[in-house]
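To start, the structure itself, in structure tokens.
We name chains A, B, ... by the order of the sequence lines, and we start the count at 1 in each one.
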Number of protein chains: 2
Amino acid sequence: MAEHSHDHAASGHDHAHDHGHDHDHTHDHGSAPAKLTRNQTLVFGALSRAGGPLTAYTILDQLRDDGFRAPLQVYRALEKLVEFGMVHRLESLNAFVACSHPQCVDHETMAFAICESCGSVSEFADAAITRQLKGWAGDNGFALAKTTIELRGTCRTCQAAV
Amino acid sequence: MAEHSHDHAASGHDHAHDHGHDHDHTHDHGSAPAKLTRNQTLVFGALSRAGGPLTAYTILDQLRDDGFRAPLQVYRALEKLVEFGMVHRLESLNAFVACSHPQCVDHETMAFAICESCGSVSEFADAAITRQLKGWAGDNGFALAKTTIELRGTCRTCQAAV
DNA sequence: TCAAGGTTGTAATGTTATAACAAGAATTGC
DNA sequence: GCAATTCTTGTTATAACATTACAACCTTGA
Ligand SMILES: [Zn+2]
Ligand SMILES: [Zn+2]
Ligand SMILES: [Zn+2]
Ligand SMILES: [Zn+2]
């Protein structure tokens, strides 16, 4: 799987955690709570450090020393983090990535470009696409809950490195 | 997902595929061959009959009587059918669906609306979205290989049936 | 204090997908 | 016809991803 890449992707956001062990960041992402639980903090820390997508089992392995023993500990934390808008699930990768969108206003309609060579992920929003999809939904009486937009291909860096 | 029996996460819509059982369809889908192998025919038949998405294991169960014994028999056929442009993989469902687009010209950039209530899937193409995504790729030096666009929500029928 | 609700730990299990290898069928070239 | 090649198949085993179920433990707030 793709647990590589310290590439770009997840940088530039202000989550700026110091995952020592303290949990008092104060952000405002979607319905994010004032305070994360210990497990949520650890999982989010792992994803932030990685700067790219990780599978649940990779996260589990990275958190063994912090006392993690079972997949469910990771999946439960991920579920909440996604709910809070701090993490995205990448369906085509069965992996998770920390949100890197500056203000991630429309957390349910972000798009992701995934490099199949280096595994890096770029998160972006495109108003025209969102508008178009909502338009289709409206025209077809479809009550849209969430959209998945994932591009697969080769990033600029990897193409240059031929 | 539901259990590993015969449940078909789908139904609800009637694609009225003509692929009843006969296998001399003369598709022009992508790089489809003149003739499918026995296993490919059986798998495609199962998907066509279903008229909606099926998981590989559900297909396996449906083809026990035809001699199928192992997942790989299904996965291998699916791999080819996707390659031929006759089947799509739905990433957010880990399932597969027969292509229902009239001419499915741009097989790699179709969009799917998946009803979370009844499991029905509508396949559609939207030139504006495709253009927009290709535009982003061009602007960012990303060599686009394939896009995944999946909408989750509730279809018109299910909303009416409240 | 006590109940209610959320979080955690753990084991067991369920679900989706691939690796590895052997054997069979179709295709090609001679 | 008869290899050589290539594609397809059958089968076993295993890897990778995800959830159910249950008991224990906190926290919050009557
Ligand atoms: Zn985001
Ligand atoms: Zn790359
Ligand atoms: Zn199609
Ligand atoms: Zn529906």
Looking at Asn94(A), does any N or O in its side chain come under 4.0 Å of the phosphate oxygens OP1/OP2 on dA18(D)?
yes

Once you round it to whole Å, what is the distance between C1' of dG9(C) and CZ of Phe68(A)?
11 Å

Can you tell me the distance, in whole Å, between the CG atom of Leu60(B) and the P atom of dG10(D)?
12 Å

I need the CG-C1' distance between Leu42(B) and dG10(D), as an integer number of Å.
15 Å

Select from Arg69(A) and Arg89(B) the residue whose nearest nucleotide in DNA chain C is closer to the 5' end of that strand.
Arg69(A)

Euclidean distance, atom CZ of residue Phe84(B) to atom P of dC7(D) [Å, nearest integer]:
12 Å

To the nearest angstrom, how far is Leu36(A) atom CG from dT8(C) atom P?
10 Å

Using whole Å, report how far CG of Leu72(A) lies from C1' of dC22(D).
12 Å

Ring centroids of Tyr57(A) and dC17(D) base under 5.5 Å with planes under 30°
yes

Would you say Asp65(A) has more than 12 foreign heavy atoms packed within less than 6.0 Å of its CG?
no

Consider the side chain of Arg76(B), meaning its heavy atoms from C-beta on, and name the nucleotide among dA18(D), dT16(C), dT9(D) that approaches it most closely.
dT9(D)

Establish, with yes or no, whether the OP1 or OP2 oxygen of dT7(C) is under 4.0 angstrom from a side-chain nitrogen or oxygen of Lys80(A).
yes

What nucleotide, of dG10(D), dA17(C), dT10(C), holds the atom closest to the side chain of Asn39(B)?
dG10(D)

All side-chain contact (heavy atoms from CB on, under 4.5 Å) counterparts of Arg38(B), not counting sequence neighbours:
Leu42(B), Asp66(B)

Rounded off to whole Å, could you give me the CD-to-C1' distance for the Glu79(A) and dC17(D) pair?
15 Å

Rounded off to whole Å, could you give me the CD-to-P distance for the Gln40(A) and dT7(C) pair?
7 Å

What is the nucleic acid contact for Ala70(B), judged by heavy atoms within less than 4.0 Å: base, sugar-phosphate only, or nothing?
base

Can you identify which nucleotide, out of dC17(D), dT7(C), dA17(C), has its nearest atom closest to the Thr55(A) side chain?
dC17(D)

Any heavy-atom pair between the side chains of Cys118(B) and Thr157(B) that's under 4.5 Å?
no

salt_bridge(Arg89(A), Glu91(A)) N-O dist < 4.0 Å:
yes

Do the side-chain N or O atoms of Thr37(B) get closer than 4.0 angstrom to the phosphate oxygens (OP1, OP2) of dC7(D)?
no

Not counting sequence neighbours, which residues clear side-chain contact (heavy atoms from CB on, under 4.5 Å) with Thr154(B)? List them please.
Ala143(A), Cys115(B), Ser117(B), Cys158(B), Gln159(B)

Give the nucleotide from the list dT19(D), dT10(C), dT7(C) with an atom nearest to the side chain of Gln73(A).
dT10(C)

